[in-house]
Amino acid sequence: MDYNFNEIEKKWQAYWKAKKTYKAENKSDKPKYYVLDMFPYPSGAGLHVGHPLGYIASDIYARYKRHKGFNVLHPMGYDAYGLPAEQYAIQTGQHPAVTTEKNIARYREQLDKIGFSFDWDREVRTCDPDYYKWTQWTFIQLFNHWYNKNTDKAESIAELVKIFEKEGNRNINASCTETAFFTAEEWNSKTEKQQQEILLNYRISYLSDTMVNWCPQLGTVLANDEVVGGLSVRGGYAVERKSMRQWSLRISAYAERLLQGLENLDWSDSIKEIQKNWIGKSVGAEVKFCLTPVHTKSEETKPHGYTTNTTDWYALRNDARKMRKEPSEAEKILWKSVKDNQLGCKIRRQQVIFNNIADFVCLSKKLIIQIDESISKNENESASVVELNKIGFSVIRFTNKEIIDNIESVIEKIKLKIDTKILSSVNEQGELIIFTTRPDTIFGVSFMVLCPEHEMIAQITTSEQKQAVADYLLWTKNRSERERQSEVNTVTGVFTGAYAINPLTNQEIPIWISDYVLAGYGTGAIMAVPAHDSRDFAFARHFKLPIPQVILPFGEEAEDTANWKESKDSKEGICINSGFITGMNVKDGIKAVIDFLEEKGIGKRMINYRLRDAIFSRQRYWGEPFPVYYKEGMPYMLDETELPLELPAVDKYLPTESGEPPLARAENWHTQEGYPLECNTMPGFAGSSAYYLRYMDAHNEKEIFSKEANTYWQNVDLYIGGAEHATGHLIYARFWNKFLYDLGLCVKDEPFQKLINQGMIQGRSNFVYRIVGTNKFVSSGLKNEYETQSIHVDVNIVDNDILDTEKFRLSLPDYANAEFILENGKYHCDWSVEKMSKSLYNVQNPDDLVVRYGADTLRMYEMFLGPLEQSKPWDTKGIEGVFRFIRKFWKLYHNEENNLCVTDEAASPQELKVLHRTIKKIQDDIERFSFNTAVSSFMISTNELTEMKSHKRDILQPLAILISPYAPHLAEELWQLLGHNESISFAAFPELNEAYLVENTFNYPISFNGKTRFQMEFAADVPIAEIEKTVLAHADAQKWLEGKLPKKVIIVPKKIVNIVI
RNA sequence: GCCCUGGUGGUGGAAUUGGUAGACACGCAGGACUUAAAAUCCUGUGACCAUUGCGGUCGUGCGGGUUCAAGUCCCGCCCGGGGUACCA
């Protein structure tokens, strides 16, 4: 064979490996450039043809930058923790580390065959203890820091404690879970455990109760995308919402910085947009709505401080005193944990409230704690509870057994209740607080809506509506999350009977409850403006509530809203029927209303973010263990010297019988002192959040990375990977990086300066048509003559949409006796573009292509397919063309006998022009990541040089460097044949000399009324007037003018001549 | 629904700033070489009309507009892909 790619590629891959050609040094006089790929999860299926697409692009860029004199960091590693390996382990009992190791070996083999210039000395694997030691270390840092909103950065918890000791928490402006105020004295008098509990509210990694998708049959928590239609994707088991105590990361603290940081990043608009939406910043106002006096009247008649009336007090006080003296065992235990302000507020026992004796009560938080023998379901709806709710008390119940068995969890539940009581949008004066982005529409409010979980519901519901409300709340509670989301268009809700007062109009407005208002956003309560919000509109129509119009879009007349089919969500327009803002435009109206509210103290500017804290626990085996142990139920971090905390051996990779995560199966899973270790493991994004930093100094045993290495490499200059990570990895990594930046560990506050998302590679499927009920297959063109069904056929036995019928017969036993109805002796298949999948028989293996055509051809072909960022079908049809080109390129340097035929003759101006045009084009194309057009221009130049029979060193030597990033093996071989002893990898990129490109003539297209008719050549320096004269005199021009005089002649130098008739 | 993308020959795509639409490649058709095949090379290849030659008309999802000139800019739609979803 003339061009023996097999031998050449093997030779150079071995050379690069032996010489460590692509090893990057952390010190260099050269400027740095950091090119990174999203590292792969090594699945059992091996490398997919989609993977190399991005890797080839980044490799071309990395190699180009080396030629341009940069010190390039281009590492690769493995995102090795993941579900498939764990799933396989559960099924087969094989340790996931074994499968993972095997898959990595296969990936490495495949990667090596494509000729990437990775610095393998820096390889990382997220499941390697030497690597995850630093993931654990970072977790400890997250635990030991809190977010100070005043300085807008993470600061040390130790320093925070010092402030608490000196002045309590009143002056702290933190991003934290709502916490009651305490003084220095109160802090200092708290127990260690109480202090730890409070600190969890501040820590950036913290434990909290979170709603999760719990699957009892699988014994695990599922991610949202693992649940479809309320059932688990795997197994189809029922999934329920359940509250679990889990680790979370306070990413919400960074919401504003994550949003602002996008501004200066060189990322595609679509990814920036996705992240912006994910962060979901809304600017608006919080507004207080007073409740009407009717519903607070009963409380007003009561002297302050009394919790009941005189009659009941005398009737019950002796009972209460007696019960205080003779507490049950459960009461004793609970009292021990709540007395003396231990929960941050005063709790009394056996207190007369209304006409009952409450077991325990916190008067300041209006919380009653009842202890019963058992809890029946209807207890919460009982008459006494409803009465208590009416006067603002909420009731939390426990059984004797719960208290005796697990006081820790009981206290946690009480604590949570106390904390959320403060969060509640009811304040002591009986006001409802809502969040709105459109304060300008406040004159158009015709009702209020509370979420079904709203604290205030029990308090405000009138006795007439009590039953209806209770029914509705029960209904929403039993409705699954899935139903709620899929039935978005169904309007449901109930009236509470209560009214609020619009602070601007003093009108009474009814308060409703509906599950279209979400508990987790804003205050869980809204002011409804039906004329200008589609959801409010639907609700108003359904319940026949008024729809007053208050915004008039520009250029419209006011009209009767009764005729509207939908709301006008007018973001622009003029305020009408709106008191003092009538006549203002929307923007001014918003400002005027907020100013008014702030002045009167009934509202304030407020910003809300949709971004939620990231749940960081997984009830899985195959992940990083947390460096956490528990003492008295409180989490503590291991000492750094004990890292890494290695993943323990377990007998089975399943949850325990009691539903604990797999790590609970491990023997001796506790510290030396005997404290139990955390049984959850970290999620997938833990290991991938800072891997780009670790590459800078991958084997540092003392630090996550050295200051010097980070100062040199800074951050990633070019990051290539899939867009599917937009709201996962790409946002967590930015958060993680900003945190390390706050700690002064890394020098850049953004990790990835430029991001390119390679498009998805789709599959191209082929179909055959079987005549129904037979084993006869009909060619595509004749299928309409029969009743047929289409069947996917393996694309590997179809060439150019022509089926290899023999191979088809052999492919499945069923087809062994297949008969065919052919067209012109051929069986034509149909095709379509679908996702690439085994089940659709359209998977293409890159290995086969490397064997058949070589890595250089594969590399160039993947680039030639089309723009990097666009999704495109994978079709190997065109690879022949690229293969032909590569051999043609080889022949520029070789004669018929395949001997080098490069001469030292001086190059002609035409040859130099081809070379320099190519230099210019290739350089431009690489720099704007247009690799497909670069391959085209290589083809054009090669065609031209072949035509010129050009074999001159002056041309071919620079040309080898130009093609080296694309076809590195070929380039190395040619470089060596040209007499060089060093690798071509660091040869200087050819210098462009524009002088060779100067054209002294230009072939003008001559157009009439914009339509090109013919061409004329002019010297480059001919004056415009002369061109006009010559063109108009031309016979062809005369023909098109038809004797008329041109109205106008437009001549754009070196572009076009246009004659207007 | 909202947001982001994209829509150009039989196919992948090119046209970078408004200036000759379809570069380059695949496929197809015809031809050369060959006993034959592979490989290689040559010619043609958007559609329609005219082909004896010169040619002509239409054409970048659809309908309008701006301009001497629109695939490219503006307005209104249609379709595909991705993201997101009662976020007030």
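So that the names make sense, note that chain A is the first sequence line, chain B the second, and so on, each numbered from 1. What you see is a predicted model, and the numbers here were worked out from it, not measured in a lab.
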Could you tell me the separation between the CG atom of A:Leu868 and the C1' atom of B:U5, rounded to a whole number of Å?
-> 15 Å
Expressed in angstrom and rounded to an integer, what is the separation of A:Lys888 atom NZ from B:C42 atom C1'?
-> 12 Å
Do the rings of A:Trp512 and A:Phe539 sit parallel, tilted or perpendicular, given the 30° and 60° boundaries?
-> perpendicular
With a non-hydrogen cut-off below 4.0 angstrom, is A:Ile274 in contact with a base, only sugar-phosphate, or nothing?
-> sugar-phosphate
Side-chain donor/acceptor of A:Asn502 to backbone N/O of A:Ile442, under 3.5 Å = yes
What is the nucleic acid contact for A:Arg884, judged by heavy atoms within less than 4.0 Å: base, sugar-phosphate only, or nothing?
-> sugar-phosphate
Which of these nucleotides, B:U84, B:G12, B:A88, is closest to any side-chain atom of A:Lys872?
-> B:G12
Verify the neighbour count for atom NZ of A:Lys754: are there more than 12 heavy atoms of other residues, nucleotides or ligands below 6.0 Å?
-> yes
For atom CD of A:Glu947 and atom P of B:C24, their distance in whole Å = 12 Å
A:Lys921 (side chain) and B:U16 (base): donor-acceptor pair under 3.5 Å | yes
Short N/O separations, protein against nucleotides 6-10 of chain B, under 3.5 angstrom:
none

Considering residues, nucleotides and ligands other than A:Arg852, do more than 12 of their heavy atoms fall under 6.0 Å from its CZ?
-> no
If you look at every strand shown and take non-hydrogen atoms under 4.0 Å, does A:Val1052 touch a base, only sugar-phosphate, or nothing?
-> base
How would you label the contact of A:Ile526 with the nucleic acid (heavy atoms, under 4.0 Å): base, sugar-phosphate, or nothing?
-> base
Looking only at side-chain atoms of A:Ile940, point me to the closest of B:A23, B:G13, B:C68.
-> B:A23
So what does A:Asn943 hit on the nucleic acid, given a heavy-atom distance under 4.0 Å: a base, only sugar-phosphate, or nothing?
-> sugar-phosphate
Would you call A:Glu944 and A:Lys913 a salt bridge, using N to O less than 4.0 angstrom?
-> no
C1' atom, B:A23 versus B:G46: distance in rounded Å?
-> 14 Å
Base, sugar-phosphate, or nothing: which does A:Trp1040 touch, judged by heavy atoms less than 4.0 Å apart?
-> sugar-phosphate
State whether A:Ser1007 places a side-chain N or O below 4.0 Å from either non-bridging phosphate oxygen (OP1 or OP2) of B:C68.
-> no
Measure centre to centre between the rings of A:Tyr61 and A:Phe929, then say whether the value is under 6.0 Å.
-> yes
Rounding to the closest angstrom, what is the interatomic distance between B:U72 and B:A21 at atom P?
-> 14 Å
Describe the nucleic acid contact of A:Gln1015 in one word from base, sugar-phosphate, nothing, applying a heavy-atom distance below 4.0 Å.
-> base
How far, in whole Å, is B:A50 from B:A39 if one measures between their P atoms?
-> 39 Å
Side-chain donor/acceptor of A:Asn766 to backbone N/O of A:Val795, under 3.5 Å = no
Across the strands shown, which category fits A:Ser270 at heavy-atom distances under 4.0 angstrom: base, sugar-phosphate, nothing?
-> sugar-phosphate
If you look at every strand shown and take non-hydrogen atoms under 4.0 Å, does A:Phe864 touch a base, only sugar-phosphate, or nothing?
-> base
Which value, in whole Å, describes the distance between the P atoms of nucleotides B:U8 and B:G56?
-> 28 Å
How are the rings of A:Tyr3 and A:Phe5 set to each other: parallel, tilted or perpendicular (split at 30° and 60°)?
-> tilted
Please state the C1' separation for the pair B:G27 and B:G13 - nearest whole angstrom.
-> 14 Å
Between atom CE in A:Met939 and atom C1' in B:G12, what is the gap in whole Å?
-> 11 Å
Pick the C1' atom in B:U40 and in B:U16, then give their distance to the nearest Å.
-> 36 Å
Donor-acceptor contact below 3.5 Å, side chain A:Ser1007 vs main chain A:Val1057 = yes
Taking the side chain of A:Leu518 as heavy atoms from C-beta outward, which of B:U16, B:C68, B:A88 is closest to it?
-> B:A88
Is there a donor-acceptor contact under 3.5 Å from the side chain of A:Thr441 to the main chain of A:Val529?
-> no
Closest of B:C86, B:U5, B:A15 to the A:Thr933 side chain is B:A15
Between P of B:G12 and CE of A:Met863, the distance in whole Å | 18 Å
Conformer about C1'-N of B:G9 - syn within 90° of 0, anti elsewhere = syn
Atom CG of A:Asn932 and atom P of B:G13: how far apart are they, to the nearest Å?
-> 9 Å
Residue-phosphate contact under 4.0 Å: A:Arg887 side-chain N/O, B:U40 OP1/OP2 | yes
Give one of base, sugar-phosphate or nothing for A:Arg764, where a contact means two heavy atoms less than 4.0 Å apart.
-> nothing
Nearest-Å distance for atom pair CD/C1', residues A:Gln758 and B:G82 = 14 Å
Can you check whether A:Arg1013 has a side-chain N or O nearer than 4.0 Å to OP1 or OP2 of B:U57?
-> yes
Do A:His1034 and A:Phe1014 make the cut of ring centroids closer than 6.0 angstrom?
-> yes
Inter-nucleotide C1' distance (B:U57, B:C2), Å rounded | 44 Å
Separation of the P atoms in B:C73 and B:A15, to the nearest angstrom | 14 Å
Taking only the side-chain heavy atoms of A:Ser282 (C-beta and beyond), determine which of B:C87, B:U20, B:G13 contains the nearest atom.
-> B:C87
Whichever of A:Asn277 and A:Arg612 has the more 5' nearest nucleotide on RNA chain B, that residue is A:Asn277
Taking Watson-Crick and G-U wobble contacts under 3.5 angstrom, with | marking pairs to another strand and [ ] crossing pairs, the secondary structure of RNA chain B is written (((((((..(((......[....)))((((((.......))))))((((.....))))..(((((..]....))))))))))))....
What's the CG-C1' distance between A:Asp515 and B:C86, to the nearest Å?
-> 9 Å
The answer to which of A:Ser936 and A:Lys281 contacts RNA chain B further toward the 5' end, by nearest nucleotide, is A:Ser936
Pairwise side chain to side chain donor-acceptor pair (under 3.5 Å) hits with a residue in residues 876-885 of chain A, at least two apart = A:Tyr853-A:Glu880
Side-chain donor/acceptor of A:Tyr1004 to backbone N/O of A:Lys1054, under 3.5 Å = yes
